[in-house]
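All figures in this text were calculated on a predicted structure; none of them were measured in a lab.
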Amino acid sequence: MGITAAVAGASGYAGGELLRLLLAHPDFEIGTLSAGGNAGSTLGEHQPHLLPLADRVLAETTPQTLRGHDVVFLALPHGASAALAAELGPDTVVIDCGADHRLSDAQAWAEFYGGEHAGTWAYGLPELTHADGTKQRAQLAGATRIAVPGCYPTAATLALAPGFAAGVLEADDVVVVAASGTSGAGKAVKPHLLGSEVMGSMSPYGVGGIHRHTPEMEQCLGVAAGQGVTVSFTPTLAPMARGILATATARLAPSLQAQLADDPQAVESAVRDAWGRAYDGETFVHLLPEGRWPRTADTLGANTALVQVALDRRVGRVVAISAIDNLTKGTAGGAVQSANLALGLPEGLGLPVAGLAP
């Protein structure tokens with residue numbers, strides 16, 4: 001018998017992507033599927049592409065329906081996971097795709113989300129490079145409570161963390177601008193996400209440092225830098241269903257700034273080497289060859305992050321760009337990858353590395 005997995009929030013985009021990946025996983029057996037307002041309906045009414053599970057009836061999302069599984073994936077709205085997880089036994093691996101347990105700073109939670117902080121779980125970004133050169137995956141082996149990163153922080157962290165860990169970037173004046181597909185806003189009907197509003201148009205939102213993913217980016221990059229990092233983050237909405245393209249810039253560290261005028265080639269080499277070392281041997285994060293730039297289209301349906309880095313010599317800033325599928329590497333793929341580590345399975349088991357094209 002395989003590892004039994006329940007998915008709460010199965011009718012939403014994240015839940016549907018989790019189920020797509022779990023269907024292809026050789027060691028998982030899909031158990032209870034639950035939903036909120038859609039409980040009592042069949043999965044096929046909401047996820048018609050998941051044909052093998054189309055006739056499954058969605059249960060109510062309660063501790064009772066989720067108990068008895070080896071792993072429970074929570075693809076629920078922010079604020080809904082903490083109370084539910086508290087009712088599940090300590091031997092159950094709980095993977096939270098929401099924000100409830102990502103932040104370590106209770107004050108940051110109160111400022112950006114409001115309410116009481118639910119506590120901090122192991123952070124599910126295995127490739128995050130720490131200031132001491134270790135990777136986050138070491139904290140996921142054997143963990144029973146894991147918080148999946150937000151999609152924007154996944155893209156921004158994978159773009160910039162190697163530079164902070166290697167000491168080639170300054171910790172202040174970090175700017176991230178990222179474009180996301182509409183699925184990042186969830187499946188609920190919203191007028192501004194109608195096709196007639198989105199097609200042929202891009203628009204910013206959460207402008208002025210108010211987006212909830214900002215403190216999470218600062219937290220991740222602070223882990224890489226070994227000190228506090230400040231981030232100015234602006235998200236934009238792109239006329240596509242899925243994908244994130246993050247463009248992040250940061251100033252060179254003072255020692256490299258001083259060297260830039262005398263030996264810019266050496267500085268460029270130092271910058272590229274930092275990213276090359278960080279991602280050498282990684283299955284899912286790839287530093288592209290020089291001159292090739294990340295495209296969201298190349299990540300669709302895959303648990304991959306494509307990264308490129310360049311030096312703007314004129315202003316002494318590093319430009320790092322990453323592309324991910326917000327539903328795969330940005331959510332469900334990261335959840336399954338973390339579950340593999342928690343359960344002692346090969347990290348990449350069941351996860352696709354090839355995207356869809358055209």
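- The aromatic rings of Trp109 and His117 lie tilted to each other, with the angle between the two planes from 30° to 60°.
- Residue pairs meeting the side-chain hydrogen bond (donor to acceptor under 3.5 Å, both in side chains) criterion with at least one member in residues 336-358, sequence neighbours excluded: His25-Asn340, Glu127-Gln337, Arg137-Glu347, Asn303-Gln337, Lys329-Gln337, Gln337-Glu347.
- Side-chain N or O atoms of Thr61 include one that pairs as donor or acceptor with a backbone N or O of Ala35 at under 3.5 Å.
- Take His46 and apply the side-chain hydrogen bond (donor to acceptor under 3.5 Å, both in side chains) test, not counting sequence neighbours, and it matches Ser41.
- In the hydrophobic clustering, Tyr13 connects to Leu327, either directly or through intervening members, whenever side-chain heavy atoms lie under 4.5 Å apart.
- The side-chain hydrogen bond (donor to acceptor under 3.5 Å, both in side chains) search around Thr328 returns Glu17, Arg242, Asp325, not counting sequence neighbours.
- Note that OG1 of Thr230 is 10.0 Å distant from CG of Leu221, once rounded to the nearest 0.5 Å.
- Summarising the local packing, CZ of Arg67 is surrounded by more than 12 heavy atoms from other residues, nucleotides or ligands at distances under 6.0 Å.
- Considering OG1 of Thr214 and CD of Gln219, their distance stands at 12.5 Å, rounded to 0.5 Å.
- For Asp173, the side-chain hydrogen bond (donor to acceptor under 3.5 Å, both in side chains) criterion is met by Arg317, not counting sequence neighbours.
- Applying the side-chain hydrogen bond (donor to acceptor under 3.5 Å, both in side chains) test to every pair with at least one member in residues 348-358, sequence neighbours left out, gives no pairs at all.
- Under the 30°/60° scheme for interplanar angles, the aromatic rings of Tyr152 and Tyr205 are found to be tilted.
- Here the options are Leu33, Thr42, Leu58, the test is side chain to side chain contact (heavy atoms under 4.5 Å, CB included), and the partner is Ser11; only Leu58 passes.
- Residues Ser183 and Asn326 bring a donor and an acceptor atom of their side chains to less than 3.5 Å of each other.
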